[in-house]
Engineer: 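Encoded as structure tokens, here's the structure I'll be asking about.
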Amino acid sequence: MFGYGFHLFKMSNTENFEITRITATETYPVRHPVLRAGKPLKTCAFTGDDVSTTIHLGLFDKKRLIGVLSLMKISNDLFFQTSQYQLRGMAILKSYQGKGLGNLLINESEHILTNKNIDLVWCNARIIAVNFYIRNGYKVIGAPFEIPEIGKHYVMHKTLGQI
């Protein structure tokens, strides 16, 4: 199937979800409607998607891809830690939002990075996602900033090893 191994998660007696590694282009069916709605499909391609250190995770409900998250080995000068990854392109299909499924992706990504001895994960969080990241232990640093054609964001971060 899609990846390089997987983890199975049980949310209730009837719901099973699987997280597995996928390719960059396999993220597009979720990235596009959630993060790039109304824009050309090519806007789903991110710089760094195809670098060998980049990790793409897919969250599946049975065989249906419902959530994605990408981890890129990119350092941010705001942080002193030498081993950093950027969390990018996190998205859950609208019909699955609000069910705690994003937490599964965040937890799995942090598990992967911790096992790689990464000290810090950071992201550019959309305003609407800030509380989600705060609930997952991330902290805001600095003032909000605008990403053209996308909207207002905050830089957020979490030191790993404190999971």
Side-chain angles (χ1 to χ4, degrees), residues 1-74 84-116 118 121-138 147-158 160 163:
M1 182 162 89
F2 283 90
Y4 315 88
F6 70 92
H7 284 104
L8 187 65
F9 299 91
K10 193 171 216 44
M11 294 292 286
S12 71
N13 290 336
T14 59
E15 297 176 297
N16 287 313
F17 297 94
E18 177 183 315
I19 295 177
T20 187
R21 291 179 84 167
I22 60 175
T23 67
T25 53
E26 288 171 326
T27 66
Y28 296 2
V30 178
R31 275 185 188 174
H32 192 252
V34 178
L35 303 175
R36 299 294 189 263
K39 296 180 176 23
L41 187 63
K42 68 181 179 180
T43 63
C44 291
F46 298 162
T47 301
D49 265 346
D50 295 321
V51 175
S52 65
T53 55
T54 297
I55 300 164
H56 302 284
L57 298 177
L59 174 64
F60 292 85
D61 180 8
K62 299 176 181 60
K63 303 260 185 228
R64 181 178 186 210
L65 180 64
I66 61 164
V68 296
L69 177 149
S70 298
L71 298 166
M72 299 181 176
K73 190 168 179 51
I74 298 172
Q84 303 177 26
Y85 260 73
Q86 181 184 12
L87 186 158
R88 286 201 70 190
M90 181 168 174
I92 303 287
L93 290 177
K94 189 169 182 72
S95 61
Y96 286 87
Q97 291 177 7
K99 299 179 183 201
L101 297 171
N103 299 325
L104 296 178
L105 278 170
I106 288 285
N107 291 339
E108 183 66 9
S109 70
E110 292 172 0
H111 176 77
I112 289 167
L113 294 178
T114 298
N115 285 339
K116 292 173 72 61
I118 302 303
V121 60
W122 66 276
C123 65
N124 293 325
R126 293 175 185 226
I127 295 292
I128 62 169
V130 168
N131 286 333
F132 166 79
Y133 287 108
I134 288 171
R135 285 191 306 272
N136 279 282
Y138 287 70
I147 295 180
E149 298 184 38
I150 305 297
K152 198 170 282 197
H153 288 67
Y154 281 95
V155 174
M156 298 190 75
H157 63 99
K158 184 175 184 177
L160 299 176
I163 300 174

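Position 1 is the first residue of the sequence, and the numbers go up from there.
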Engineer: Looking just at side-chain N and O atoms, do N107 and H111 make a donor-acceptor pair shorter than 3.5 Å?
Structural biologist: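 No, no side-chain donor-acceptor contact under 3.5 Å.
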Engineer: Please evaluate residues D49 and M72 with respect to the criterion side chain to side chain contact (heavy atoms under 4.5 Å, CB included), reporting the C-alpha separation (whole Å), side-chain torsions for both, the decisive distance (0.1 Å), and the verdict.
Structural biologist: CA-CA 8 Å; D49 265 346; M72 299 181 176; 3.2 Å; yes
Engineer: Within 45 degrees of the ring normal and closer than 6.0 Å to the centroid, is that where the cationic atom of R31 sits relative to F46?
Structural biologist: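 Yes; both conditions hold, so R31 lies above the ring face of F46.
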Engineer: Taking atom CG of L57 and atom CG of L87, what is their separation to the nearest 0.5 Å?
Structural biologist: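 Output value for this atom pair is 9.0 Å.
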Engineer: Would you say T53 and Y85 make side-chain contact, with heavy atoms under 4.5 Å?
Structural biologist: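 Side chain of T53 against side chain of Y85, heavy atoms only: contact under 4.5 Å found.
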Engineer: Before you tell me yes or no, could you show the steps for V121 and Y138 under side chain to side chain contact (heavy atoms under 4.5 Å, CB included), namely the whole-Å CA-CA distance, both residues' side-chain angles and the distance that decides it to 0.1 Å?
Structural biologist: CA-CA 9 Å; V121 60; Y138 287 70; 3.3 Å; yes
Engineer: Go through the steps to decide whether V34 and Q97 satisfy the test side chain to side chain contact (heavy atoms under 4.5 Å, CB included), and finish with yes or no.
Structural biologist: CA-CA 10 Å; V34 178; Q97 291 177 7; 4.1 Å; yes
Engineer: Would you find more than 12 non-hydrogen atoms of other residues, nucleotides or ligands less than 6.0 Å from K39 atom NZ?
Structural biologist: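 Atom NZ in K39 is crowded, with more than 12 foreign heavy atoms closer than 6.0 Å.
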Engineer: What's the spacing between I74 CD1 and Q86 CD if we round to 0.5 Å?
Structural biologist: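 Reported value, rounded in 0.5 Å steps: 4.5 Å.
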Engineer: Find the distance between CE (M90) and CG (L105) and round it off to the nearest 0.5 Å.
Structural biologist: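 Going from CE on M90 over to CG on L105, the span is 5.0 Å.
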Engineer: For T25, enumerate each residue passing the side chain to side chain donor-acceptor pair (under 3.5 Å) test, keeping only those at least two apart in sequence or located in another chain.
Structural biologist: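 Only T23 meet the side chain to side chain donor-acceptor pair (under 3.5 Å) criterion with T25.
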Engineer: What's the spacing between L35 CG and T43 OG1 if we round to 0.5 Å?
Structural biologist: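 Answer for the CG-OG1 pair, L35 versus T43, is 9.5 Å.
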Engineer: Could you check whether any side-chain heavy atom of L101 comes within less than 4.5 Å of a side-chain heavy atom of F17, counting everything from C-beta outward?
Structural biologist: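 When only atoms from C-beta onward are counted, F17 and L101 do touch, with a gap below 4.5 Å.
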Engineer: Between T20 and F60, is any pair of side-chain heavy atoms under 4.5 Å apart?
Structural biologist: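 Yes - at least one pair of side-chain heavy atoms lies under 4.5 Å apart.
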Engineer: Applying the side chain to side chain contact (heavy atoms under 4.5 Å, CB included) criterion to H56, which one of L71, T27, V68, L69 satisfies it?
Structural biologist: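 Going through the options one by one, the only one that passes is T27.
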Engineer: Go through the steps for W122 and Q84 under the test side chain to side chain contact (heavy atoms under 4.5 Å, CB included), then give the verdict.
Structural biologist: CA-CA 8 Å; W122 66 276; Q84 303 177 26; 3.5 Å; yes
Engineer: Roughly how far, to the nearest 0.5 Å, is CG of L113 from CD of E108?
Structural biologist: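 The distance works out to 10.0 Å.
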Engineer: Can you tell me how far apart CD1 (I22) and OG (S70) are? Round to the nearest 0.5 Å.
Structural biologist: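 Result: 7.0 Å between the selected atoms.
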Engineer: Report yes if the side chains of K116 and I55 come closer than 4.5 Å at any heavy-atom pair, otherwise no.
Structural biologist: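 Answer yes - side chains close enough.
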Engineer: Which pair of non-hydrogen atoms, one from M156 and one from A125, has the smallest distance, and what is that distance?
Structural biologist: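 Residues M156 and A125, closest heavy atoms: SD-CB, 3.6 Å.
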Engineer: Using a 3.5 Å cut-off and no angle test, enumerate the donor-acceptor pairs between side-chain atoms of residues 128-136 and protein atoms at least two apart in sequence or in another chain.
Structural biologist:
unit_1	atom_1	unit_2	atom_2	d
N136	ND2	N103	OD1	3.0
N136	ND2	F132	O	3.0

Engineer: If you define the side chain from C-beta out and look only at heavy atoms, does anything of Y28 sit under 4.5 Å from R36?
Structural biologist: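 They are not in contact (no side-chain heavy atoms under 4.5 Å apart), so the answer is no.
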Engineer: I'd like to check I127 versus Y154 (side-chain heavy atoms, cut-off strictly below 4.5 Å). Are they in contact?
Structural biologist: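 Yes, at least one pair of side-chain atoms sits under 4.5 Å.
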